J.: 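What follows is a structure written as structure tokens; I'll ask about it next.
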Number of protein chains: 2
Amino acid sequence: MAAVDDIDRAIVGVLSRHGRATYAEVGAAVGLSAPAVKRRVDRLLDDGVVVGFAAVVDPGAMGWGIEALVHVYCQGRIAPSALRDAWEPIPEIVSASTVAGTADAVVRVRARDVQHLEDTLERIRGSAAIERTESTIVLSRLIERA
Amino acid sequence: MAAVDDIDRAIVGVLSRHGRATYAEVGAAVGLSAPAVKRRVDRLLDDGVVVGFAAVVDPGAMGWGIEALVHVYCQGRIAPSALRDAWEPIPEIVSASTVAGTADAVVRVRARDVQHLEDTLERIRGSAAIERTESTIVLSRLIERA
DNA sequence: GGTGAAACTGTTCAATC
DNA sequence: GATTGAACAGTTTCACC
């Protein structure tokens, strides 16, 4: 696991914005040849600095009209891995994290509509020893950066 | 702007998880030839269903060690656009949304360390007519999907 | 939406600084 | 130890069916 240097950061910067850029294009942007870029990207993938590549999708256009932030309060102590295993099968969950604060975890959920959101919340609550949830509906996305 | 059909959804599903998959690979997964996949992806890009492609980066490996969810309570009514303009220049903000609930907005912030986080929170508070903020520190990411 | 052909890119190698 | 440049396999991208 070599250190991440300035060129690596530049490569990551380009690929964060243009994930399908060719190695030659990235090389032109950072001052390296295509094979040199490929070697670095392979190393960044091996080291886990770059986890993967993804299409950035407009949730609204895909029919996922509603988004909510759900604060989850658990009964007693639950291992983070237990929560992950319980929530992994729920496709409506965009992200989930354990947190330090009054809540134990925060889950970001995307659903088609309020009914679908309610069903998903019920599924989240039923998936583990959860005391209660507190949902915050997202109105409009102001800023969204990779 | 044609409708998004099931094949489009399947293509988006593959590219969400494997953003650098070849058109032939996507085609094999959805039952189409490579040129047919390209035509659909080009249309999805034109229609704004797919906004772009991005490398998924591990923030910790890049030296962004700490993440927080900041609930923002405003003084009186503030236009969403005013919040966006005020926060756009703050690079530590990963995402920001107005919400329906007790808070007016939720901001996701990434910083190098607690000191950097504190500085960023101060900057967020000073950028608009904000009454108070309530921060939740992220401990560990359980699930992270595109 | 599929097919085939031309141009380009990804990938690997030996050689080099 | 890392980069370059050449070479082949594979992919993108056309036109056309």
Side-chain angles (χ1 to χ4, degrees), chain A residues 1-65 91 112 144-146, chain B residues 1-65 91 112 144-146:
Chain A
M1 174 115 176
V4 177
D5 65 15
D6 287 342
I7 298 178
D8 288 333
R9 261 183 284 273
I11 291 172
V12 169
V14 173
L15 288 176
S16 295
R17 294 175 20 89
H18 305 291
R20 275 183 91 94
T22 65
Y23 291 125
E25 285 167 349
V26 178
V30 305
L32 247 55
S33 67
V37 172
K38 180 191 161 20
R39 268 182 69 161
R40 280 173 180 265
V41 172
D42 285 346
R43 202 198 67 226
L44 290 168
L45 282 164
D46 272 350
D47 292 352
V49 176
V50 175
V51 181
F53 294 89
V56 182
V57 180
D58 176 19
M62 284 293 285
W64 298 83
R112 287 187 299 276
E144 198 74 41
R145 289 195 262 255
Chain B
M1 174 114 177
V4 176
D5 66 14
D6 287 343
I7 298 177
D8 288 332
R9 261 185 283 274
I11 290 173
V12 169
V14 173
L15 288 176
S16 295
R17 294 175 17 89
H18 305 291
R20 275 182 92 92
T22 65
Y23 292 126
E25 284 167 350
V26 177
V30 306
L32 248 55
S33 67
V37 172
K38 180 192 162 21
R39 276 197 288 262
R40 279 172 178 266
V41 172
D42 285 345
R43 201 199 65 225
L44 291 167
L45 282 165
D46 272 350
D47 292 352
V49 176
V50 175
V51 181
F53 294 90
V56 182
V57 180
D58 176 19
M62 286 294 284
W64 297 84
R112 287 187 299 277
E144 198 74 43
R145 290 196 261 255

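Treat the numbers as computed from the prediction; the structure is a model and nothing was measured. These numbers come from the heavy atoms of this one structure, side chains and all, not from hydrogens, waters or symmetry mates.
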J.: Go through the structure and list residues passing side-chain contact (heavy atoms from CB on, under 4.5 Å) with B:D58, not counting sequence neighbours.
T.: A:V51, B:A61
J.: Among A:R40, A:R39, A:K38, which one satisfies salt bridge (charged side-chain N to carboxylate O under 4.0 Å, His left out) with A:D42?
T.: A:K38
J.: A:D47 side chain to A:V49 main-chain N or O, any donor-acceptor pair under 3.5 Å?
T.: no
J.: Considering only heavy atoms of chain A and a distance under 4.0 Å, specify the first and last nucleotide of DNA chain C in 5' to 3' order that meet this criterion.
T.: C:dT9 to C:dT12
J.: Check the distance between D:dT3's P and A:R39's CZ and give it to me in whole angstrom.
T.: 7 Å
J.: Closest-nucleotide mapping onto DNA chain C: is A:P35 or A:E25 further toward the 5' terminus? I mean the 5' end.
T.: A:E25
J.: Rounded to the nearest angstrom, tell me the gap between atom OH in A:Y23 and atom C1' in D:dT4.
T.: 18 Å
J.: Does B:K38 put a side-chain nitrogen or oxygen below 4.0 Å from OP1 or OP2 of D:dT13?
T.: yes
J.: Which part of the nucleic acid does B:T22 contact within heavy-atom distance under 4.0 Å: base, sugar-phosphate only, or nothing?
T.: sugar-phosphate
J.: Quick check: does any side chain N or O of A:D8 sit under 3.5 Å from a backbone N or O of A:D5, one acting as donor and the other as acceptor?
T.: yes
J.: Can you tell me the distance, in whole Å, between the CZ atom of B:R43 and the P atom of D:dT13?
T.: 17 Å
J.: Does A:G19 offer a backbone N or O that forms a donor-acceptor pair with the side chain of B:R20 under 3.5 Å?
T.: yes
J.: On DNA chain D, check which nucleotide each of A:G31 and A:R20 is closest to and give me the residue with the more 5' one.
T.: A:G31
J.: Using the rule side-chain contact (heavy atoms from CB on, under 4.5 Å), only one of A:V14, A:V26, A:T22 pairs with A:V37; which is it?
T.: A:V26
J.: Looking only at side-chain N and O atoms, does A:R40 come under 4.0 Å of OP1 or OP2 in D:dT3?
T.: yes
